[in-house]
There are 2 protein chains.
Amino acid sequence: MKRIADSTVRRLSLYLRFLEDFEKRGIGTISSDELAARGGTTSAQVRKDLSFFGSFGKRGLGYSVAELAARLRQILGLEREWQVIIIGAGKIGAALAQYHGFAQRGFRIVAVYDSDPAKVGRSVDGLVIQALDSLPDEVKHQPADIAVLAVPATSAQEVADMVVKAGIRAILNFAPHQLQVPDTVAVKAVNMAMELEGLSFALTNG
Amino acid sequence: MKRIADSTVRRLSLYLRFLEDFEKRGIGTISSDELAARGGTTSAQVRKDLSFFGSFGKRGLGYSVAELAARLRQILGLEREWQVIIIGAGKIGAALAQYHGFAQRGFRIVAVYDSDPAKVGRSVDGLVIQALDSLPDEVKHQPADIAVLAVPATSAQEVADMVVKAGIRAILNFAPHQLQVPDTVAVKAVNMAMELEGLSFALTNG
DNA sequence: ATGAACTTGTGAATTTCTTCACAAGTTATC
DNA sequence: GATAACTTGTGAAGAAATTCACAAGTTCAT
Ligand SMILES: NC(=O)c1ccc[n+]([C@@H]2O[C@H](COP(=O)([O-])OP(=O)(O)OC[C@H]3O[C@@H](n4cnc5c(N)ncnc54)[C@H](O)[C@@H]3O)[C@@H](O)[C@H]2O)c1
Ligand SMILES: NC(=O)c1ccc[n+]([C@@H]2O[C@H](COP(=O)([O-])OP(=O)(O)OC[C@H]3O[C@@H](n4cnc5c(N)ncnc54)[C@H](O)[C@@H]3O)[C@@H](O)[C@H]2O)c1
């Protein structure tokens, strides 16, 4: 199978969100044009993105909202539940642990870790904070799919190394540090400072 | 001036972070190769990115770390301080307000707004939460450059409309909703669900 | 001075991504 | 069942981003 571009995957994720919206409003079918208008893209782009995976529409009519949503969930791997652990129970880690929007989308937060003895044992949103040291054993016992890193930038690399060693193959990194991991591990970074700097650039050179 | 790609700006932001790191460690000059290794890119990419703005290096030697950092700050518009307001003093809004990493990079949080009367008047990290209604007047009085939206997705569009009307021309959106704004307004979105779905895709099709 | 070892800056080549444009298929109407 | 009005799926074209490759410049050792 041809390599799928990151930008395509991001758009699929967007399309799915729109489709769920249409589904909720009881709309049965939708055209690539309507889907494109919502996402700030073009109908050709929508059709091309979908064409990598098959043909899901009906000429003259458009796409069945329910059917396309189901296919996108399948493509994105959202038909199963993913086990997520959060490392770093600080401000951002706690906010994430308390956010129920992820569970709704099939990302179940199963554990929260921290290295600070003062935090271990407390709970966040019903989850008892575990000692970081216990991670390798815990993960052996109850495997996790995705690790969310919400630790200071200075600890991010060592925590990532530990997580990779424990066999976890996907990381969502909030620390402003470029992680070095084997290329069998998928990493996505949420870098807010970078987004702000992008806005700064736009305001300066707009 | 030629339009600069978003991907280029993101990389400049990365380079700047590495340079600051090198600066701290007392390293005086650096080659495009070393800079590239850090960011997971290539030396040609680094040089091309920089070439859009001028030539800052010395052949045979590389770049002066301090000088290049200064030029990047200038290019990105980071020589001044930007006034940032946060709208929505919930879990994520509060985490952001309490985070001092932004101020360090020149993004000064000057106000926090919320529509919930129970929250208005309380403070977060020394800032008193203001009523959303007061935003237009407050902004007239003390202009803000960037609005961070940390409100539920259902309110995001109306809040964005209000912010745009108040004259703010840059938005960082945390709500999982595609904002419609005039193209004079810069928008960046932090969409964590999308990142997680990207990881789900990678794990499924890896 | 000279040569060896580096490194930048940049056109050109290549690869990747997006848009165009249209045949082919569907539905609705009369 | 003929016609009009849509819409998909997809090669081909076009645009954009990345990588190549090398002339030109710098430093250092001898
Ligand atoms: N808070 C924000 O709004 C925000 C915004 C952007 C980026 N970030 C980044 O997110 C990360 C966390 O930020 P925060 O504001 O939540 O910080 P924080 O200080 O509130 O929390 C960090 C937590 O990580 C724990 N920790 C430290 N080292 C650890 C280790 N080796 N293993 C496990 N846990 C460890 C600490 O005990 C603490 O509980 C930082 O890298 C920060 O730069 C935060
Ligand atoms: N918390 C997270 O980790 C997280 C992660 C990803 C995305 N998000 C998104 O960020 C946004 C905020 O999430 P949260 O967890 O902080 O929610 P929250 O419910 O804790 O906070 C939302 C806040 O916004 C305020 N608010 C509601 N409507 C408003 C309006 N019209 N104007 C001003 N304020 C208003 C509420 O009073 C509340 O204080 C949501 O869109 C959520 O989907 C949050």
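Residue numbers start from 1 in every chain, and the chains themselves are labelled A, B, ... in the order their sequence lines are given, proteins ahead of strands. Note: hydrogens, waters and symmetry copies are ignored here, and every other heavy atom, side chains too, is used.
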Inset, instruction - Considering only NZ, NE, NH1 and NH2 on the basic side and carboxylate oxygens on the acidic side, decide whether A:Asp145 and A:Arg80 come within less than 4.0 Å. - result: yes

Legend entry - Salt bridge flag under 4.0 Å for residues B:Arg38 and B:Asp21: yes

Inset, instruction - If a protein heavy atom is under 4.0 Å from the base, mark B; if only from the sugar-phosphate, S; if neither, -; do that for nucleotides 12-18 of chain D going 5' to 3'. - result: B----SS

Legend entry - Sidechain N-carboxylate O distance under 4.0 Å for A:Arg105, A:Glu20: yes

Inset, instruction - Please tell me which of A:Arg47 and B:Ser32 maps to the more 5' nucleotide of DNA chain C, matching each residue to the nucleotide holding its nearest heavy atom. - result: B:Ser32

Legend entry - Spacing of A:Ile4 atom CD1 relative to C:dT16 atom P, expressed in whole Å: 13 Å

Inset, instruction - Would you confirm whether A:Asp137, through its side chain, and A:His141, through its main-chain N or O, come within 3.5 Å as a donor-acceptor pair? - result: no

Legend entry - Distance, rounded to the nearest Å, where B:Leu35 contributes CG and C:dG9 contributes P: 12 Å

Inset, instruction - Take atom NZ of A:Lys58 as the centre, draw a 6.0 Å sphere, and report whether it contains more than 12 heavy atoms from other residues, nucleotides or ligands. - result: no

Inset, instruction - Please indicate whether A:His100 has more than 12 foreign heavy atoms, meaning atoms of other residues, nucleotides or ligands, lying under 6.0 Å from its NE2. - result: yes

Inset, instruction - Kindly say whether A:Ala95 contributes a backbone atom to a donor-acceptor pair with the side chain of A:Gln98 at under 3.5 angstrom? - result: no

Legend entry - Distance in angstrom units between B:Leu50 CG and C:dG9 C1', rounded: 10 Å

Inset, instruction - Give a yes or no on whether a salt bridge exists between A:Asp6 and A:Arg11, defined as a side-chain N under 4.0 angstrom from a carboxylate O. - result: no

Legend entry - Spacing of A:Arg71 atom CZ relative to D:dG9 atom P, expressed in whole Å: 11 Å

Inset, instruction - Scan nucleotides 23-30 of chain C nucleotide by nucleotide, 5' to 3', and note B when protein non-hydrogen atoms come under 4.0 Å of the base, S if they reach only the sugar-phosphate, - if neither. - result: BBBB----

Inset, instruction - Verify the distance criterion only: is there a donor paired with an acceptor across the side chains of B:Tyr99 and B:Asp125 at less than 3.5 Å? - result: no

Inset, instruction - Enter the inter-axis angle for the ends of the helix from C:dA1-D:dT30 to C:dC30-D:dG1 (five pairs per end, rounded to 10°). - result: 10°

Legend entry - Lys/Arg N to Asp/Glu carboxylate O, A:Glu197 vs B:Arg10, below 4.0 Å: no

Legend entry - B:Glu79/B:Arg73 ion pair, N-O < 4.0 Å: no

Legend entry - B:Tyr63 side-chain N/O to C:dC6 phosphate OP1/OP2 under 4.0 Å: no

